[in-house]
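Heads up, the thing below is written out as structure tokens.
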2 protein chains.
Amino acid sequence: MSDLLERLRGRGWRLTSQRRVVAEVLDGEHVHLTADEVHARAVQRLPEISRATVYNTLGELVGLGEILEVATDGRAKRYDPNAHQAHQHLVCSGCGAIRDVHPQGDPLAALPAAERFGFVLSGAEITYRGLCPDCTTNAVP
Amino acid sequence: MSDLLERLRGRGWRLTSQRRVVAEVLDGEHVHLTADEVHARAVQRLPEISRATVYNTLGELVGLGEILEVATDGRAKRYDPNAHQAHQHLVCSGCGAIRDVHPQGDPLAALPAAERFGFVLSGAEITYRGLCPDCTTNAVP
DNA sequence: TGTTGACTTAGACAAAGTCCAAGTTAGGAT
DNA sequence: ATCCTAACTTGGACTTTGTCTAAGTCAACA
Ligand SMILES: [Mn+2]
Ligand SMILES: [Mn+2]
Ligand SMILES: [Zn+2]
Ligand SMILES: [Zn+2]
């Protein structure tokens with residue numbers, strides 16, 4: 001985390017308290033917060049931080065490749081600090097919980113040339129859907 | 001398409017001109033329109049159709065499994081009439097063009113048990129990213 | 001300790017989607 | 001063929017998510 005702040009300073013960023021707090025909020029594993037969730041948690045530590053600054057900072061971090069934008073549903077985008085290790089997402093259809101997962105093999109290999117329509121492929125995003133242990137236990141009959 | 005309208009009547013739907021027009025607009029292959037795009041095309045045929053009715057009808061069709069909701073970006077949801085054949089999506093990072101594609105094999109097979117966190121999997125959505133032939137040709141240097 | 005351009009802020013604005021009360025109508029009943 | 005009514009549609013208010021701007025603040029360098 002402090003290495004992130006170091007990298008940002010190396011890139012000419014001013015290290016403001018607002019940016020520090022956003023970076024702190026985004027620390028951890030399996031973290032996939034919406035912008036408003038980031039704002040809510042940032043306000044705990046820095047009451048006067050504005051929504052605009054949270055959006056600005058998230059957008060800048062995405063541009064620098066330090067965090068990822070994840071769109072697992074049609075709702076708000078989620079922000080993912082796990083940007084330096086390729087991974088996919090497993091989402092619970094019951095409660096919305098999101099886990100980072102690492103499928104085997106190259107996902108692009110499954111798409112035959114005849115199905116590529118002349119596109120030059122650059123990657124693939126996979127959202128696995130299912131029910132988490134909690135939601136499986138408390139499932140509707 | 002008229003078979004869709006038959007199925008809907010079989011399910012107790014009133015066949016209104018509005019619903020007929022929405023169904024017509026959603027006919028075809030590689031069709032992935034936003035709600036507002038559906039509305040814009042519906043208005044060509046039925047000028048007084050409202051946005052609310054388009055949203056209502058799309059939601060009902062999704063609930064019945066007759067169309068799919070696709071969220072390939074963080075923008076508006078897209079509606080896909082190709083609901084009766086499993087498929088994935090190939091999206092151009094340049095112009096946003098979307099094609100239906102059919103990868104080989106079972107996408108769930110790539111996720112080892114150790115990476116499933118006790119979830120009961122039900123499916124996977126894959127978005128392949130790349131540049132379409134047009135965008136490859138006119139690429140920035 | 002000053003200076004200054006980068007940064008932050010509040011609030012207006014926009015896009016996407018939901019909800020409601022009032023008006024209209026498809027389709028079964030007569 | 002006409003009537004009746006629950007189902008449907010409508011316009012507009014409202015919500016959520018995100019963008020933009022003008023004015024004020026401050027981190028970093030001198
Ligand atoms: Mn992740
Ligand atoms: Mn499709
Ligand atoms: Zn769950
Ligand atoms: Zn393209």
Side-chain angles (χ1 to χ4, degrees), chain A residues 2 5-25 32-43 45-64 66-80 96, chain B residues 2 5-25 32-43 45-64 66-80 96:
Chain A
S2 60
L5 294 175
E6 282 312 308
R7 280 202 299 281
L8 296 177
R9 190 152 55 176
R11 290 179 185 257
W13 265 37
R14 284 202 194 164
L15 289 194
T16 65
S17 51
Q18 290 86 351
R19 286 171 170 176
R20 225 181 303 262
V21 163
V22 169
E24 284 170 17
V25 165
H32 305 93
L33 299 170
T34 66
D36 273 343
E37 288 167 351
V38 171
H39 181 240
R41 297 187 186 201
V43 162
R45 304 173 184 229
L46 190 66
E48 68 274 24
I49 189 173
S50 72
R51 245 169 39 97
T53 291
V54 169
Y55 273 102
N56 286 344
T57 304
L58 291 173
E60 289 158 353
L61 288 171
V62 170
L64 293 175
E66 297 288 354
I67 65 176
L68 297 175
E69 248 175 26
V70 180
T72 50
D73 56 6
R75 312 293 311 280
K77 292 175 193 163
R78 295 182 172 272
Y79 293 89
D80 185 342
Chain B
S2 61
L5 293 175
E6 281 312 309
R7 280 202 299 280
L8 295 178
R9 189 150 59 177
R11 291 180 186 255
W13 266 36
R14 285 200 191 164
L15 290 192
T16 65
S17 51
Q18 291 85 351
R19 286 170 168 177
R20 225 181 303 264
V21 164
V22 169
E24 285 170 16
V25 165
H32 305 93
L33 298 171
T34 66
D36 273 342
E37 288 168 352
V38 172
H39 181 240
R41 297 187 188 200
V43 162
R45 303 173 185 229
L46 190 65
E48 68 275 23
I49 190 174
S50 72
R51 248 169 39 98
T53 292
V54 170
Y55 274 101
N56 287 344
T57 304
L58 292 173
E60 290 158 353
L61 289 170
V62 170
L64 293 175
E66 297 288 354
I67 64 176
L68 298 175
E69 248 175 27
V70 180
T72 50
D73 56 6
R75 311 296 309 278
K77 292 175 192 161
R78 294 182 172 274
Y79 293 90
D80 185 342

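Fair warning: this is a prediction, and the values are worked out from it, not measured in the lab. Values below: all heavy atoms of this structure, side chains included; hydrogens, waters and symmetry mates excluded. Numbered from 1 within each chain, the chains take letters A, B, ... in sequence-line order.
With respect to the salt-bridge test (charged N to carboxylate O, under 4.0 angstrom), the residues B:Arg51 and B:Asp36 qualify.
Residue side chain B:Arg14 reaches the base of C:dT25 through a donor-acceptor N/O pair under 3.5 Å, judged by distance alone. You'll find a donor-acceptor pair under 3.5 Å spanning the side chain of A:Arg51 and the base of D:dG18, going by distance alone.
In this structure, B:Glu48 places its CD atom 9 Å from P of D:dG11, rounding to the nearest Å. Here D:dG12 presents its P atom at 13 Å from NE2 of B:His39, a figure rounded to the nearest Å. We find that OH of A:Tyr79 is positioned 10 Å from C1' of D:dT17, with the value rounded to whole Å. B:Leu58 has its CG atom 15 Å from the P atom of D:dC8, to the nearest Å. Atom P of nucleotide D:dT17 and atom CG of B:Asp36 are separated by 18 Å, given to the nearest angstrom. Distance A:Glu60 CD to C:dC7 P: 7 Å, rounded to the nearest Å. Spacing between atom CZ of A:Arg11 and atom C1' of D:dA28 amounts to 20 Å, rounded to whole angstrom units.
Mapping B:Thr53 and A:Lys77 onto DNA chain D by nearest heavy atom places B:Thr53 at the nucleotide closer to the 5' end. If B:Arg20 and B:Ala52 are placed on DNA chain C by their nearest nucleotide, the residue sitting closer to the 5' end is B:Ala52. Comparing B:Asn56 and A:Asn56 by the nucleotide of DNA chain C whose heavy atom lies nearest to each, the residue mapping closer to the 5' end is A:Asn56.
Between A:Arg19 and A:Leu8, every side-chain heavy-atom pair lies at or beyond the 4.5 Å cut-off. Counting heavy atoms from C-beta outward, B:Val22 and B:Thr53 have side chains that stay 4.5 Å or more apart.
Considering CZ of A:Arg20 and OG1 of A:Thr57, their distance stands at 12.5 Å, rounded to 0.5 Å.
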